Amino acid sequence: MDALNVLRAHRYPRVTEEIPEIIEMVKGLVDKGYAYSVDGDVYYRVNSYADYGKLSHRTLEGMMAGIRVEVDQRKEHPMDFALWKSAKPEEPSWESPWGPGRPGWHMECSAMSLKYLGETLDIHGGGFDLVFPHHENEIAQTEAYTGVTPSVRYWIHNGLLQLGDEKMSKSLGNLVTVKEALASYSPDALRLFFLSSHYRSPLTYSDEAIQSMERGAARLRNAVESPSQSGDSSAEVSPDVRRKQFIEAMEDDFNTPQAIAALHDLAREINRGKHNGAGTLSAVETLKELAGVLGLTLKEPLAEAPLDSSALRELVQSIARDLQSSGLDALAESLGGIHVADEAGPDAYIEALISVRGELRKAREWGLADNIRGGLAELEIALEDTPQGSLWKRS
RNA sequence: GGCGACGUAGCCAAGUGGUUAAGGCGGGGGUCUGCAAAACCCCUAUUCGGCGGUUCGAAUCCGCCCGUCGCCUCCA
């Protein structure tokens with residue numbers, strides 16, 4: 001998660017450390033008549049809470065109609081759900097007023113959010129698959145217990161990530177882990193992928209889609225590289241329109257696809273400005289800032305990865321041989337000097353190759369020059385010839 | 001069976017009543033370059049799953065149908 005540039009939470013409470021709070025809350029619900037105990041289980045009395053179903057737009061009648069499984073006859077109402085479950089043999093359990101047992105599924109969230117975040121949360125997130133029953137029951141428990149409504153001001157339910165034609169889920173076992181995804185794609189590309197559709201829409205994980213985001217990430221990255229100073233005064237690319245566009249998109253229920261479009265628009269204007277000799281300093285700063293809002297780093301994904309020094313050295317040696325056999329001894333020697341110097345880092349090899357290639361280009365030795373570019377490309381080092389000289393980057 | 005979400009170009013994806021249907025990827029053409037790369041310019045949906053309806057006007061509202069996904073039981 002860190003690698004994806006996801007911020008850490010301030011607290012990571014554990015259910016097993018919050019058992020007393022949970023028991024207290026269950027007890028409170030029983031005392032207030034919202035729950036009852038049967039044989040060591042405690043059930044929530046759904047009929048006791050008038051608003052039950054308000055989140056998922058369900059009615060008890062409607063849910064009854066859909067019941068397909070056998071109903072536990074001990075429950076007053078088929079939709080009553082467990083707040084506390086008596087322990088089965090072999091299961092971890094805690095002592096409670098109702099005997100040894102463990103919390104029901106929804107209870108932990110109510111108890112912990114109440115303890116750490118208070119009676120009303122501004123925003124509660126979660127996947128769409130949790131709307132019912134989990135969040136519905138959470139509301140019922142918390143609001144019945146505190147008497148405060150609403151317990152949550154905004155629910156942010158995200159569409160589910162699909163792999164193929166099913167939701168990606170731990171229990172189905174059809175997972176692509178973050179770690180696996182990061183092995184193939186940059187964090188920025190993955191973030192762009194997730195943000196490329198509205199958070200409420202379902203999203204299908206596909207290599208094709210993420211690869212296209214990798215290209216898009218590179219485009220934004222290129223735009224913030226080497227901003228141009230406004231040459232003689234006149235034109236400075238203004239980011240104001242795009243900033244406004246970005247903010248409006250985000251304020252509209254986090255319309256990240258539109259926000260990203262604003263980023264791309266700004267990138268184009270920056271590139272155009274560079275082309276026309278306009279200053280792009282503040283536009284580039286703005287692009288970085290807005291991209292940062294989306295958690296994009298705009299860093300080269302491989303910038304931190306070590307270069308393959310020995311492969312580079314081999315390339316230097318092989319190029320030196322080619323130069324010699326072409327009778328370009330002076331150049332061969334300047335390269336030779338580099339690879340003998342053992343302490344030369346990989347950067348030095350690359351710089352030396354670029355400088356030799358520059359000489360070859362002056363001498364119109366295109367074949368040899370292209371061999372250098374091709375050799376570096378095989379090591380995933382891309383060259384770009386600019387008026388200011390040749391630049392290299394990891395590709 | 002009940003409830004809900006979704007279906008827009010080759011692909012991804014905004015737009016939810018009215019000027020030319022965002023943006024990205026891919027593709028085609030051009031500029032720059034020794035050639036590339038990067039970048040820029042132009043083109044790439046007369047049409048929004050289908051059929052009806054409402055309206056002066058609909059991708060956008062209503063109805064039906066088709067397709068996909070989720071929830072409706074345990075577990076988290």
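Keep in mind that this is a model prediction, so the values were computed, not measured. Per chain, numbering begins at 1; letters A, B, ... match sequence-line order.
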Under 4.0 Å, counting only non-hydrogen atoms across every strand here, what does [X] touch: a base, just sugar-phosphate, or nothing?
| X | value |
| --- | --- |
| A:R102 | sugar-phosphate |
| A:E384 | base |
| A:L383 | base |

[N] and [M]: how far apart are their [atom1] atoms, nearest whole angstrom?
| N | M | atom1 | answer |
| --- | --- | --- | --- |
| B:rC35 | B:rC43 | P | 26 Å |
| B:rC12 | B:rG52 | P | 28 Å |
| B:rA14 | B:rG49 | P | 14 Å |
| B:rG26 | B:rU19 | P | 31 Å |
| B:rG18 | B:rA13 | C1' | 24 Å |
| B:rG70 | B:rC51 | P | 28 Å |
| B:rC48 | B:rU8 | P | 12 Å |
| B:rG57 | B:rA37 | C1' | 49 Å |

>> Can you tell me whether the side chain of A:R361 and the base of B:rG34 have a donor-acceptor pair closer than 3.5 Å?
In response: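 Answer yes: a donor N or O sits under 3.5 Å from an acceptor.
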Searching all strands shown, indicate the nucleotide that pairs with [N] (Watson-Crick or G-U wobble; both distances under 3.5 Å).
| N | value |
| --- | --- |
| B:rG17 | none |
| B:rG26 | B:rU44 |
| B:rG34 | none |
| B:rG67 | B:rC6 |
| B:rU55 | none |

Protein-nucleotide distance ([X], atom [atom1]; [N], atom [atom2]), rounded to Å:
| X | N | atom1 | atom2 | answer |
| --- | --- | --- | --- | --- |
| A:H135 | B:rG4 | NE2 | C1' | 16 Å |
| A:L60 | B:rG2 | CG | P | 18 Å |
| A:R394 | B:rA38 | CZ | C1' | 18 Å |
| A:I372 | B:rA36 | CD1 | P | 19 Å |
| A:N222 | B:rA39 | CG | C1' | 9 Å |
| A:R200 | B:rA13 | CZ | P | 15 Å |
| A:M79 | B:rG2 | CE | P | 17 Å |
| A:L203 | B:rG24 | CG | P | 19 Å |

> So which of A:V131, A:L55, A:L130 actually passes side chain to side chain contact (heavy atoms under 4.5 Å, CB included) with A:E136?
Replying inline: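 Only match with A:E136 under side chain to side chain contact (heavy atoms under 4.5 Å, CB included): A:L55.
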>> Over 60° means perpendicular and under 30° means parallel, so tell me whether A:H106 and A:H134 are parallel, tilted or perpendicular.
In response: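 Geometry flag for A:H134 against A:H106: tilted rings.
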Does [N] have its OP1 or OP2 closer than 4.0 Å to a side-chain nitrogen or oxygen of [X]?
| X | N | value |
| --- | --- | --- |
| A:R215 | B:rG26 | yes |
| A:N276 | B:rC40 | no |
| A:S201 | B:rA14 | yes |

Closest nucleotide among [options] to the [X] side chain:
| X | options | result |
| --- | --- | --- |
| A:H198 | B:rA14, B:rC25, B:rG70 | B:rA14 |
| A:D129 | B:rC12, B:rC71, B:rC35 | B:rC71 |
| A:W366 | B:rG24, B:rA38, B:rG34 | B:rG34 |
| A:R373 | B:rC35, B:rA37, B:rG70 | B:rC35 |
| A:R219 | B:rC35, B:rC40, B:rC71 | B:rC40 |

Tell me whether [X] is salt-bridged to [Y], with the criterion being a basic N under 4.0 Å from an acidic carboxylate O.
| X | Y | value |
| --- | --- | --- |
| A:R191 | A:D188 | no |
| A:R200 | A:D253 | yes |
| A:K362 | A:E359 | yes |
| A:K244 | A:E248 | yes |
| A:E380 | A:K393 | no |
| A:R74 | A:D39 | yes |
| A:E285 | A:K288 | yes |

>> Can you work out whether A:D385 or A:Y199 has the more 5'-proximal nearest nucleotide on RNA chain B?
In response: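 Nearer the 5' end of the strand: A:Y199.
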> For RNA chain B, which residues in residues 253-272 of chain A have a heavy atom at a distance below 4.0 Å?
Replying inline: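 Those residues whose heavy atoms fall under 4.0 Å from RNA chain B, taken from residues 253-272 of chain A in numerical order, are A:N255, A:P257, A:Q258, A:A261, A:H264, A:D265, A:R268, A:N271, A:R272.
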>> Tell me the closest heavy-atom pair linking A:E214 and A:S186, and the distance in Å.
In response: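 Looking at all heavy atoms of both residues, the shortest contact is OE2-OG, 2.6 Å.
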